[in-house]
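Both ligands and their constituent atoms are indexed starting at 1 by order of listing.
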Amino acid sequence: MIKIAPSILSADFTRLGEQAKAVEAAGADRLQIDVMDGRFVPNITFGVQAVRCLRPLVRLPLEAHLMVEPPEDFIERFAEAGADTIIIHQEATPHLHRAVQHIHSLGKQAGVALNPSTPAGTLSEMLVQRDLVLVMTVNPGFGGQKFIPETLPKIREIRTRLRERGQKCEVEVDGGINPETARQVAEAGADVLVAGSAIFDSPDGYAAAIRALREAAQGHAAGG
Ligand code: DX5
């Protein structure tokens, strides 16, 4: 089942609440909040307050994608603000195992994100179950970038490892996702697609944009 997660990085910051509600009404499955600290990535965006303000406005699960270092300093605050899933970067902490345990201890889903040049093998020692692996298909920091096709084998490798181990874990992708790349990443094994500009900049409206992504991905996933 393909899930679509609009990324609010591409939304109109003067109307974040309205846009969150609009993508919920348009069929989004979850909302991704791209938290950037200007140090781990070359941009600064939202903080805990964005999650706290959006929480009461939508029923959608909120994913806090922490592109920050050290992520450990922020896990509790995002959990308390209402994030359902907290995604931290493999590259941002030497203590990934402990950080994932901490997220779970707070009753939240834990995601681990890999930048484009980080090999899938770094997850092999992940002795604690994470709920989601996020494969960045652009270098994190900005919306509207071009999809990096070299990430496709990594998506395939991660999906294969999960299947071999019988592990239940979502494979999410983020960056440059549009109907064409949605088909490619679904074929490689992704089941959650994060999209910013393909949704918020769509001339056809949010519902059509979300539908186009889902159909492109499911069409493939169903062997279409
Ligand atoms: C990239 C962000 C992505 C981005 C995706 O640094 O973390 O979530 O907003 O935007 P698009 O879909 O426009 O590439």
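No donor-acceptor distance shorter than 3.5 angstrom exists from the side chain of Asn43 to the backbone of Phe142, with no hydrogens or angles considered.
Among the candidates Glu172, Glu63, Glu170, the single residue satisfying the salt bridge (charged side-chain N to carboxylate O under 4.0 Å, His left out) test with Lys3 is Glu170.
Heavy atoms of Ser197 found under 4.0 angstrom from ligand 1 belong to the backbone as well as the side chain.
For atom 3 (C) of ligand 1, the nearest non-hydrogen atom of the protein is Asp174 OD1, 2.9 Å. For atom 9 (O) of ligand 1, the closest non-hydrogen atom on the protein side is Ser7 OG, 2.9 Å. The nearest heavy-atom contact from the protein to atom 12 (O) of ligand 1 is Gly196 N, 2.7 Å. For atom 2 (C) of ligand 1, the closest non-hydrogen atom on the protein side is Asp34 OD2, 3.5 Å. Remark: minimum distance from atom 14 (O) of ligand 1 to any protein heavy atom is reached at Gly176 N, 2.8 Å.
Within the 4.0 Å heavy-atom cutoff, Ala198 does not count among the residues contacting ligand 1.
At least one N/O-N/O distance between Gly141 and ligand 1 falls below 3.5 Å.
Which parts of ligand 1 touch Phe142 is read off a 4.0 Å heavy-atom cut-off, strictly below it: atoms 1 (C), 6 (O).
Within the model, atoms OG1 of Thr137 and CG of Asn115 stand 11.0 Å from one another, a figure rounded to the nearest 0.5 Å.
Under the salt bridge (charged side-chain N to carboxylate O under 4.0 Å, His left out) criterion, Glu76 pairs with no residue, sequence neighbours left out.
For the side-chain hydrogen bond (donor to acceptor under 3.5 Å, both in side chains) condition, the pairs that include at least one residue of residues 18-28, sequence neighbours left out, are Arg15-Glu18, Gln19-Tyr206.
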